[in-house]
Amino acid sequence: MTPSGDPPRPSGPPAVSVIVVNYNAGELLDRCLDSLRSRWAEPTAEVILVDNASTDGSAERASRQHPDVTLIPTGRNLGFAGGVLQGVARASGTILVLLNPDAEIYPDTLEKLSSGLAGDSRLAVAGCKIYEPDRCTLQHAGAVLHPSLITSHLGRGEPDQGQYDQPAEVDYVTGAALAVRREVWDELGGLDPGYRPGYYEETELCLRARRRGYLVKVLPAARAVHHESASSGKLSARFFYHYHRNRLRFLIRNFSPAHWLFRFAPAEFRWLTRSMSAEQRFPVLKAYLVNLARFPLTLLGR
């Protein structure tokens, strides 16, 4: 054991690079990094903390308490994808693990993710079984992309009774805690920073991986806890605006005009007229207007 009580860190290049993008996560960042204290168990790992100009002192405190973590201060808020790109540029691992600052992993999660990827050459992106803070209620056992491109999490709100204990192929996995092969990341070009501050960047990564013949799976033996939307405000007007703006951007970037007309439009009409809540009306309208104004630039980025 090291003087700090951690297991000794094996020598050699890291197999896993964990990238945490922080923006005013407060004490939740401390809990996130504390959950990574077992990271020196096999496989070896490095932890890279990218700070998007936080003002709550969380990055400075993390630097003092975790001197083995590589801190990258960006000087401005680059959003989740932009921060991840900064971290990946410094990463040495063959497996990249993206972890939200308001998430905590279980002691064997890195090993379960890396061994799962190593055991199947077709598997490109692997996600975790994620719990609410009570560690009993499921928040995510994989995610579904509906015809309107509204997303939902499998198992959300259900008590965990083993119903999602088998690895399963899914449409995508949440970026709160996921692992991706570095070679696939490089092949796909990583996350697109245009999805700032967040939402749909990991959905696009998984969609493009599946279109190239790779698998995207949840590995339920890899577990995490997520204190959801600590920095964005769960179900706030701001959340709804960014979610729907990026949903429409995702549509324009990844689907054909025929898909827009014959698949998306009917599903969107049904959602708008039957399911959209009153508090989403203005954010959705604003999202449509912004995407209309940016339509030519978004097309150029396809």
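Predicted, not measured: the structure shown is a model, and the values here were computed from it.
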| field | Heavy-atom donor-acceptor pair, Arg181 side chain to Leu123 backbone, under 3.5 Å | value | yes
| Where the side chain of Ser35 meets the backbone of Cys32, is there a donor-acceptor pair that is under 3.5 Å apart? | yes
| task | Test His146 against Ser152 for side chain to side chain donor-acceptor pair (under 3.5 Å), laying out the working first. | result | CA-CA 8 Å; His146 298 283; Ser152 61; 2.7 Å; yes
| request: For atom OH of Tyr288, decide whether the heavy atoms of other residues, nucleotides or ligands shown that lie under 6.0 angstrom number more than 12. | output: yes
| query | Is there a donor-acceptor contact under 3.5 Å from the side chain of Asn24 to the main chain of Thr55? | reply | yes
| request: Flag yes if more than 12 heavy atoms outside Glu27 fall under 6.0 Å of its CD atom; otherwise flag no. | output: no
| task | May I ask you to decide if Val180's main-chain N or O and Trp185's side chain share a donor-acceptor pair within less than 3.5 Å? | result | no
| said: Tell me if a side-chain donor or acceptor on Gln163 pairs with a main-chain N or O of Gln161 at a distance below 3.5 Å. | reply: yes
| task | Without swapping roles, check the side chain of Asn100 against the backbone of Asp102 for a donor-acceptor pair under 3.5 Å. | result | no
| note | Between the SG atom in Cys206 and the CG atom in Leu188, the distance rounded to the nearest 0.5 Å is 9.5 Å
| request: Check whether Leu289 and Phe282 end up in the same hydrophobic cluster, where Ile, Leu, Val, Met, Phe, Trp and Tyr are linked by side-chain heavy atoms less than 4.5 Å apart. | output: no
| said: With heavy-atom distances below 4.5 Å as the criterion, would you say the side chains of Asp34 and His66 are in contact? | reply: yes
| message | For Leu145, is there any backbone N or O sitting under 3.5 Å from a side-chain donor or acceptor partner on Thr151? | response | no
| request: Give, for atom CE of Met276 and atom CH2 of Trp271, the distance between the pair rounded to the nearest 0.5 Å. | output: 5.5 Å
| query | Looking only at atom types and distance, does a side-chain atom of Asn52 sit under 3.5 Å from a main-chain N or O of Leu78, one as donor and one as acceptor? | reply | yes
| Path from Leu154 to Val218 over hydrophobic side-chain contacts below 4.5 Å | yes
| query | Got Ile72 and Arg90 here, is their nearest side-chain heavy-atom distance under 4.5 Å? | reply | yes
| remark: CD1 (Ile95) and CD (Glu183) are apart, to the nearest 0.5 Å, by 9.5 Å
| field | Residues Gln280 and Ser277: side-chain donor-acceptor under 3.5 angstrom | value | yes
| query | To the nearest 0.5 Å, what is the distance between CD1 (Ile252) and CZ (Arg294)? | reply | 10.5 Å
| query | Should Leu215 and Asp120 count as side-chain neighbours, where that means a heavy-atom distance under 4.5 Å? | reply | yes
| field | Glu132 versus His227, side-chain donor and acceptor atoms under 3.5 Å | value | no
| query | Which pair of non-hydrogen atoms, one from Ala179 and one from Val97, has the smallest distance, and what is that distance? | reply | CB-CG2, 4.0 Å
| said: Under the criterion salt bridge (Lys or Arg N to Asp or Glu O under 4.0 Å), I'd like the reasoning laid out for Arg135 against Asp160: C-alpha separation, chi angles, the key distance, then a yes or no. | reply: CA-CA 9 Å; Arg135 297 180 181 258; Asp160 184 14; over 6 Å; no
| message | Between Glu158 and Tyr164, is there a side-chain donor-acceptor contact under 3.5 Å, judged purely by atom types and distance? | response | yes
| message | Tyr200 vs Tyr243, test: side chain to side chain contact (heavy atoms under 4.5 Å, CB included). Steps then yes/no. | response | CA-CA 8 Å; Tyr200 282 87; Tyr243 176 88; 3.1 Å; yes
| request: Search all heavy atoms of Cys128 against all heavy atoms of Thr109 and return the closest pair with its distance. | output: SG-CG2, 3.9 Å
| note | In terms of heavy-atom contacts, Ala91 and Leu96 come closest through CB-CD2, 3.9 Å
| message | Is there a salt bridge (Lys or Arg N to Asp or Glu O under 4.0 Å) between Arg31 and Glu104? Walk through the geometry before answering. | response | CA-CA 7 Å; Arg31 295 165 66 172; Glu104 303 168 57; 3.4 Å; yes
| task | Determine, step by step, whether Val184 and Arg212 satisfy the side chain to side chain contact (heavy atoms under 4.5 Å, CB included) criterion, reporting the C-alpha distance in whole Å, the side-chain angles of both residues, the deciding distance to 0.1 Å, and the verdict. | result | CA-CA 10 Å; Val184 176; Arg212 297 212 181 188; over 6 Å; no
| Passes ring-ring contact (aromatic ring centres under 6.0 Å, His included), Phe239 versus Tyr199? Steps please. | CA-CA 9 Å; Phe239 162 80; Tyr199 315 114; 5.2 Å; yes
| query | Got a second to check how far Lys217's NZ is from Leu117's CG, nearest 0.5 Å? | reply | 10.5 Å
| Atom CG in Leu219, atom CD in Gln166: separation rounded to 0.5 Å? | 11.5 Å
| Are Leu149 and Leu272 in one and the same hydrophobic cluster, where Ile, Leu, Val, Met, Phe, Trp and Tyr link if side-chain heavy atoms are under 4.5 Å apart? | yes
| With hydrophobic residues grouped by side-chain heavy-atom distances under 4.5 Å, do Leu292 and Leu261 end up in a single group? | no
| field | Side chain proximity check, Leu49 to Leu29, heavy atoms < 4.5 angstrom | value | yes
| Full working for side chain to side chain contact (heavy atoms under 4.5 Å, CB included) between Glu204 and Asn254 | CA-CA 8 Å; Glu204 181 174 279; Asn254 293 285; 2.8 Å; yes
| query | Would you say the side chain of Arg208 lies within less than 4.5 Å of the side chain of Glu187, judging by non-hydrogen atoms? | reply | no
| field | Asp192 (side chain) donor-acceptor with Glu201 (main chain) under 3.5 angstrom | value | no
| query | Hey, what's the ring geometry for Tyr195 with Phe250, parallel, tilted or perpendicular (30° and 60° as the breaks)? | reply | tilted
| query | Given side chains that start at C-beta, do those of Val125 and Leu178 come closer than 4.5 Å, heavy atoms only? | reply | yes
| Is a side-chain donor-acceptor pair under 3.5 Å present for Ser17 with Glu46? | yes
| query | Which atoms form the tightest heavy-atom contact between Arg253 and Arg302, and what is the distance? | reply | O-CG, 3.6 Å
| said: With clusters defined by side-chain heavy atoms of hydrophobic residues (ILVMFWY) lying less than 4.5 Å apart, directly or transitively, does Tyr241 cluster with Val284? | reply: no
| task | Take Tyr172 and Glu202 through the side chain to side chain contact (heavy atoms under 4.5 Å, CB included) test and state the conclusion after the steps. | result | CA-CA 8 Å; Tyr172 77 97; Glu202 80 273 47; 4.2 Å; yes
| field | Pairwise side-chain contact, Ile105 with Leu110, heavy-atom cut-off 4.5 Å (strictly under) | value | yes
| query | Is the CZ atom of Arg274 crowded by more than 12 outside heavy atoms at less than 6.0 Å? | reply | no
| message | Tell me the closest heavy-atom pair linking Trp260 and Phe255, and the distance in Å. | response | NE1-O, 2.9 Å
| field | Residue pair His153 / Ile130, side-chain heavy-atom distance below 4.5 Å | value | no
| Least distance between heavy atoms, Asp56 atom then Ser58 atom | OD1-OG, 2.6 Å
| field | Side chain Thr137, main chain Gly157, donor-acceptor under 3.5 Å | value | no
